[in-house]
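Below is one structure, written out as structure tokens; comments come after it.
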Amino acid sequence: MSDNFLNSLNDSQKDAAIHIDGSLLILAGAGSGKTKTITTRLAYLISIGIDPSTILTLTFTNKAASEMRERAFRMIDPSMINTPPLLCTFHKFGLLFLKFHMSELGRKNSFIIIDNDDKKRILKSIDKEITTSLLVSEISKYKNTLITPSEAKSTAQLKLYQQIADIYEKYEAYLLKNNLVDFDDLLLLPYMILEKNEELAKETSQRYQYVMVDEYQDTNELQYKLLRKLCSTHNNICVVGDDDQSIYGWRGATIKNILNFSEHFEDTKVVKLEENYRSTNTILEHANQLIEHNRDRLGKKLIGTRKKGDSVRVYESHDENEETRKIIDDIKKLIASGESAKDIAILFRVNALSRSLEEGFNKAGISYRLIGGMKFYERAEIKDLIAYFRILTNTTDNFSLKRIINKPKRGIGKTTIDKLDAKSVELKKPIFTILEEYNADELSAIVGKKNSRTLKVFMASVMDLREALEESKMRFLDSFEDTFDYRASYDNVPDGFDRQANIDEFYGYIRDYFIQHPHLSLEDFLNEIALDSENSELTDQAVSMMSIHSSKGLEYKHLFIIGLEEGFFPITGDGSDIEEERRLGYVGITRAMDTLTMSFVHSRFYKGKRATLLKSRFLSEAGLIKGSLQLEKHSNYKKGDLVQHKIFGMGRVQKATKAGKDYKLTINFGGQRRDILSSFVEKI
DNA sequence: TCCTAGGCGCTTTTT
DNA sequence: GCGCCTAGGA
């Protein structure tokens, strides 16, 4: 096999790519060819004869995993590979491991993965007093730092934390009883197994001789410990990351992992990739200036390889409507000049800022794509179907059963569910089993005659479907809708049309899955999609808008960052970390390739109130608002603009002519026309 | 059991 | 401003 693919690397990239044994830390700045380097290394290891099946590459997102897979496989001759290297997310790896070794913990491997929404519902059902989001994050924190419920209980000082620890214990018991596994468990349980069974730990480490980790700055303590286990017999660990791009501290990622990598793993070789191939030098300069204000960093500077480029524009607007208008004007011009909409993106720190943008885009008739927000599998109708399928494959899943027992409505309310729940606890049997084993009379004694009959009819349908499923997956799918009329239950309800479209898509998707993977079961399908977060295709001819978090790893020729105001970006106050906010600023700026526009407003409507705002400190820290740059002080006015005057109130511009820095405006104030200079009015 | 009107409280988000 | 939850009446 030829190793020509090494030729397109620069010296540092090559140095990293051909490193074979021992620990390697690749500090890769934004746009420095990080993915290229790590995929080349993967291809290189294979090209020199290392068994691909002994190479494990871990990523955080499915998107990163598939991108790497594609790029690595382009470099290698597939005919030379018997078993492909394992390249997947941390969570997927955990899932695969648990499928094989769950029995080590005395649990069945027919467990079901719950998502955050399920987790919230469970926690809500355990406790209604403490904010669910606090419970979610605290319990996650416990799990990611390997603190058991009893440890949490014994160390809790405050009453609040004793309560939380208590809820944590109940939550864990609930998961165990229903054989559920949350996202944290996908990492925690494998670790516990490896900790318990030394022989298996050794074996597993031997099996994966070369371990690579992408976005290492985002790993948490648990992931680090898991990696230690995996590398315990060989120390062949190669991680890529950028301490300046660590933006997930709020969910337990610890920047210490990358800062202390050389102490954690022996004889570490460090390679820095500082040459940036993405952005103009001007953009990079501002990015460097901003990040230099952080103290907790390894210290690295992006070195440009491109030309100087356009200066970064700063937009000052009265409010979000004016801000939107300016950006839309610019985007129209860009598109008119031949730029493609997919090369343009708007970023914000807080998702709520997308609303005025969306309105503006709709009005202007520009197509856009809002990334993030509600995911396909998070939609209520899809989750209902998944719950149906889960209960059909796993009868111990009380949780899913309760979700769909009254969907579509069949008259089973909260009281009935509570009675069944109590009985389930009393008998230590899943609700499903009770419904199945009890005859109608026995069931009547628990829930009454009418409910008993309803539930028996329901169970008969479920049992029929279970049979159909055993016979043929396709036949099962055919009879599913006939049996429960789930889709039909959205006839003639508000937004029922959209929901039915989603349901159709889901039915279509699952059919397709079974055609493509005839040997896989419904259960396999359910596990597969539990880790799937379906990101719509990037090929759409639309302007993208998303949070800065979502933008990591992406790049756009023309970029707008809005909401540069204190309180919005950086978010200030309790629990916020200014250095992490700054890293976010850095991530945002470095997404831009050719042009960058940063925008702030004086006032914004947020959480039901209009707030007066100060411009973000990041603008001056990045060297963007000290004289040298043209600050857009004067808005453009045109016919049709709405304006506000101190005395005359609101009016609409009928005519606008430029007069020096200002505009001479003819304004219609409720029928009364007046000529007024633009400096005396404000745009709204 | 179901429906609807009003109160409340909110970062960031992948798996 | 919007979505989620709860209380109270049908």
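In what follows, every chain begins at residue 1, and chains take the letters A, B, ... in the order their sequences are listed.
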Length of the [atom1]-[atom2] vector between [X] and [N], whole Å:
| X | N | atom1 | atom2 | value |
| --- | --- | --- | --- | --- |
| A:Asn62 | B:dT15 | CG | P | 5 Å |
| A:Asp182 | B:dT13 | CG | C1' | 16 Å |
| A:Asn351 | B:dC10 | CG | P | 17 Å |
| A:Leu554 | B:dT13 | CG | P | 13 Å |
| A:Arg355 | B:dC10 | CZ | P | 17 Å |
| A:Asn321 | C:dG1 | CG | C1' | 14 Å |
| A:Leu353 | B:dC10 | CG | P | 18 Å |
| A:Leu584 | B:dT11 | CG | P | 15 Å |

**Request:** Between B:dT11, C:dG1, B:dT13, spot the one nearest the side chain of A:Phe605, thanks.
**Result:**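 The nucleotide sitting nearest to the side chain is C:dG1.
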**Nearest-neighbour nucleotide for the A:Phe183 side chain, B:dT13, B:dT1, B:dT15 considered** =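 In terms of side-chain proximity for A:Phe183, the closest of B:dT13, B:dT1, B:dT15 is B:dT15.
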**Asked** B:dT12 phosphate, OP1 or OP2: any side-chain N/O from A:Ser550 under 4.0 angstrom?
**Response**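 Answer no for this pair, as no side-chain N or O of A:Ser550 is under 4.0 Å from OP1 or OP2.
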**Message:** Please compare A:Leu186 and A:Thr131 by the position of their nearest nucleotide in DNA chain B and report the one closer to 5'.
**Reply:**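 Final value for this comparison: A:Thr131.
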**Message:** Assuming nearest nucleotide by heavy-atom distance, tell me which of A:Ile417 and A:Ile571 is located more 5' along DNA chain B.
**Reply:**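 In this pair, the answer is A:Ile417.
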**Item:** Main-chain N/O of A:Asn220 paired to A:Asn257 side chain as donor or acceptor, under 3.5 Å
**Value:**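 Yes: the side chain of A:Asn257 pairs with the backbone of A:Asn220.
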**Message:** Can you tell me how far apart CZ (A:Phe484) and CG (A:Asp384) are? Round to the nearest 0.5 Å.
**Reply:**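 Taking CZ in A:Phe484 and CG in A:Asp384, the distance rounds to 12.5 Å.
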**CZ on A:Arg297 to CZ on A:Arg582, rounded to 0.5 Å** =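 Atom-to-atom, A:Arg582:CZ and A:Arg297:CZ are 10.5 Å apart.
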**Message:** Under 6.0 Å between ring centres: does that hold for A:Tyr142 and A:Tyr171?
**Reply:**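 Ring-ring flag for A:Tyr142/A:Tyr171: false, centres at least 6.0 Å apart.
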**Assigned glycosidic conformation for B:dT12 [threshold 90° from 0]** =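 With its glycosidic angle more than 90° from zero, B:dT12 counts as anti.
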**Item:** Distance-only donor-acceptor test (3.5 Å): side chain A:Asn116, base B:dT15
**Value:**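 Per atom types, the contact qualifies.
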**Request:** Identify whether a stacking contact exists between A:Trp250 and B:dT12, where the ring centres must be under 5.5 Å apart and the planes under 30° apart.
**Result:**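 It does: the ring sits over the base of B:dT12.
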**Request:** Could you label the plane-to-plane angle of the A:Phe568 and A:Tyr606 rings as parallel, tilted or perpendicular, counting under 30° as parallel and over 60° as perpendicular?
**Result:**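 Aromatic pair A:Phe568/A:Tyr606 classed perpendicular.
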**Sugar-phosphate only, base, or nothing, as touched by A:Ser133 at under 4.0 Å among non-hydrogen atoms** =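 Nothing, no heavy atom under 4.0 Å.
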